[in-house]
Amino acid sequence: MGCDRRSFLKGCAVATATAVAAPSALAADDERALPPEAIGLLYDATRCIGCKACVVACKKANDLAPDTHYVGDGLYDAPDGLNEQTKTVIQLYKGDDATSFVKKQCMHCIDPACVNACMIGALKKEADTGLVWWRGERCVGCRYCQVACPFQVPKFEWTKQAPKIVKCELCKHRLADGGQPACTEVCPRQAVVFGKTRDLLADAHARIESNPGLYNPKVYGETELGGTQCLYLAAREMPFENLGFHHSQEEAVPLTQRSVQHGVYQGFVAPAALYVALAFVMFRNRQSIEPTSQSEKE
Ligand code: SF4
Ligand code: SF4
Ligand code: SF4
């Protein structure tokens with residue numbers, strides 16, 4: 001019985017140590033780096049003429065139905081934002097003295113909140129290219145990814161019997177065939193281009209340096225929210241906050257998510273210790289009412 005008691009105490013010690021050790025192990029999870037072969041888009045608002053060829057090509061390449069929500073008669077595809085039929089959209093923003101088009105799609109964040117929020121790994125970020133995509137066979141439809149995304153990108157097919165999460169996946173089916181995303185292929189102004197994120201960033205800074213009077217000196221996505229693989233240039237007179245980019249902090253959302261999760265784990269330590277203490281009391285009480293020696297049993 002002494003041995004059983006030792007085993008019980010040892011088990012308690014391991015359980016408690018595990019509960020206490022969990023936060024420090026998770027706390028070691030630090031900022032994420034740009035993947036080695038990271039790919040993405042560079043959108044230059046100063047080049048875009050708002051023709052929406054990219055929107056049309058995206059729908060065709062991704063087999064998405066037209067969005068006739070705002071016109072009603074099914075004659076015109078006119079999405080005003082990302083939705084379950086629209087993986088990219090061109091929006092018009094007005095400043096005090098100027099207007100600007102902005103293309104919106106998934107930013108393929110370096111540390112994606114959607115991936116961190118999905119408890120069963122249905123959203124995946126590729127280790128080499130950093131492409132963020134949805135694995136339908138794993139998804140349970142909880143939509144945590146939708147709530148977590150700071151850019152409101154993932155959309156849910158509410159009207160489908162087997163709904164999907166819809167978001168830009170950088171046309172990975174076209175990349176697999178050696179092609180490029182549909183939006184970058186058709187853009188008549190090269191306002192959106194595809195490439196390695198490091199090259200796109202260098203290109204963006206070169207454009208700013210060669211024409212500082214035209215450009216806002218910031219490349220949006222270089223540092224914001226831990227960095228994104230899709231990058232943006234805007235005109236000097238259009239600050240990014242006027243273009244629907246409301247996040248300027250450098251800390252990635254998952255850093256906050258993880259610190260909260262660590263806090264929750266840490267919060268488990270007290271209940272776990274209490275559970276162990278109660279279990280020990282129950283164990284001791286049971287020992288006190290059960291015969292502990294062969295003579296007592298007899
Ligand atoms: S923009 Fe949203 S959906 Fe896209 S990778 Fe970032 S968190 Fe995920
Ligand atoms: S990369 Fe493909 S899915 Fe993404 S916005 Fe461009 S065309 Fe659409
Ligand atoms: S195709 Fe190019 S120019 Fe036309 S709306 Fe799209 S990004 Fe702008």
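Just follow the structure's listing: the first ligand is 1, and inside any ligand the first atom is 1.
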Ligand 1 atoms in contact with [X] (distance to a heavy atom under 4.0 Å):
| X | result |
| --- | --- |
| Ala113 | 7 (S) |
| Pro154 | 3 (S) |
| Phe151 | 1 (S) |

Quiz item: Would Asn83 and Asp67 count as a side chain to side chain donor-acceptor pair (under 3.5 Å) if you check the C-alpha gap in whole Å, the side-chain angles of each, and the deciding distance to 0.1 Å?
Solution: CA-CA 9 Å; Asn83 58 44; Asp67 175 10; 2.7 Å; yes

Around [atom], find the nearest protein heavy atom and jot down its residue, atom name and distance.
| atom | answer |
| --- | --- |
| atom 4 (Fe) of ligand 1 | Cys106 SG, 2.4 Å |
| atom 2 (Fe) of ligand 2 | Cys171 SG, 2.3 Å |
| atom 8 (Fe) of ligand 1 | Cys114 SG, 2.3 Å |
| atom 6 (Fe) of ligand 1 | Cys109 SG, 2.3 Å |
| atom 3 (S) of ligand 2 | Asn62 ND2, 3.4 Å |
| atom 1 (S) of ligand 1 | Met107 N, 3.5 Å |

Which of the atoms in ligand 3, numbered in the order shown and given with their element, are less than 4.0 Å from a heavy-atom of [X]?
| X | result |
| --- | --- |
| Lys52 | 4 (Fe), 5 (S) |
| Pro188 | 1 (S) |
| Ile49 | 3 (S), 8 (Fe) |
| Cys187 | 1 (S), 2 (Fe), 3 (S), 7 (S) |
| Gly50 | 5 (S), 8 (Fe) |
| Ala53 | 1 (S) |
| Cys54 | 1 (S), 5 (S), 6 (Fe), 7 (S) |
| Cys48 | 3 (S), 5 (S), 7 (S), 8 (Fe) |

Quiz item: Between Lys94 (side chain) and Thr99 (backbone), is there a donor-acceptor pair under 3.5 Å?
Solution: no

Quiz item: Should Gln146 and Lys167 be marked as a side chain to side chain donor-acceptor pair (under 3.5 Å) after you check the CA-CA gap, both sets of side-chain angles, and the distance that decides it?
Solution: CA-CA 10 Å; Gln146 206 175 0; Lys167 67 179 269 310; over 6 Å; no

Exercise. Please say whether the positively charged group of Arg236, taken as NZ for Lys or CZ for Arg, lies over the ring of Tyr215, i.e. under 6.0 angstrom from the six-membered ring centre and within 45 degrees of the axis.
Key: no

Exercise. Please confirm whether Lys104 makes a cation-pi placement over Tyr43, using NZ or CZ under 6.0 Å from the six-membered ring centre and within 45° of the ring normal.
Key: no

Would you call [X] and [Y] a salt bridge, taking side-chain N to carboxylate O under 4.0 Å as the test?
| X | Y | answer |
| --- | --- | --- |
| Glu84 | Lys164 | no |
| Arg174 | Glu185 | yes |
| Asp44 | Arg47 | yes |

Quiz item: What part of Thr184, side chain from CB on, backbone N/CA/C/O, both or neither, has a heavy atom under 4.0 Å from ligand 2?
Solution: neither

Quiz item: So which bit of His108 gets within less than 4.0 Å of ligand 2, heavy atoms only: side chain, backbone, both or neither?
Solution: neither

Quiz item: Of the backbone atoms (N, CA, C, O) and the side-chain heavy atoms from C-beta on, which set of Lys167 has a member under 4.0 Å from an atom of ligand 1: side chain, backbone, both, or neither?
Solution: side chain

Practice problem: Tell me, please: is Arg174 in heavy-atom contact with ligand 2, that is, under 4.0 Å? | Solution: no

Quiz item: For the residue pair Tyr220 and Phe240, does the interplanar ring angle fall in the parallel (under 30°), tilted (30 to 60°) or perpendicular (over 60°) class?
Solution: tilted

Quiz item: If you count the atoms of ligand 2 from 1 in the order shown, which ones are under 4.0 Å from a heavy atom of Leu170?
Solution: 1 (S)

Quiz item: With a cut-off of 4.0 Å, which atoms of ligand 2 are near a heavy atom of Lys103?
Solution: 5 (S)

Exercise. Start with the C-alpha gap between Glu126 and Trp133, add the side-chain angles, then the distance that decides, and say whether side chain to side chain donor-acceptor pair (under 3.5 Å) holds.
Key: CA-CA 8 Å; Glu126 291 294 339; Trp133 62 288; 2.7 Å; yes

Exercise. Treat each ILVMFWY residue as a node, draw an edge where side-chain heavy atoms are under 4.5 Å apart, and state whether Leu82 and Val55 are in one component.
Key: yes

Self-check item: Taking every non-hydrogen atom, the tightest pair across Cys168 and Cys106
Solution: O-CB, 3.6 Å

Self-check item: Closest heavy-atom pair and its distance - Phe156, Arg143
Solution: CG-CD, 3.3 Å

Exercise. List the steps and the verdict of side chain to side chain donor-acceptor pair (under 3.5 Å) for His108 and Glu169.
Key: CA-CA 8 Å; His108 295 274; Glu169 296 181 341; over 6 Å; no

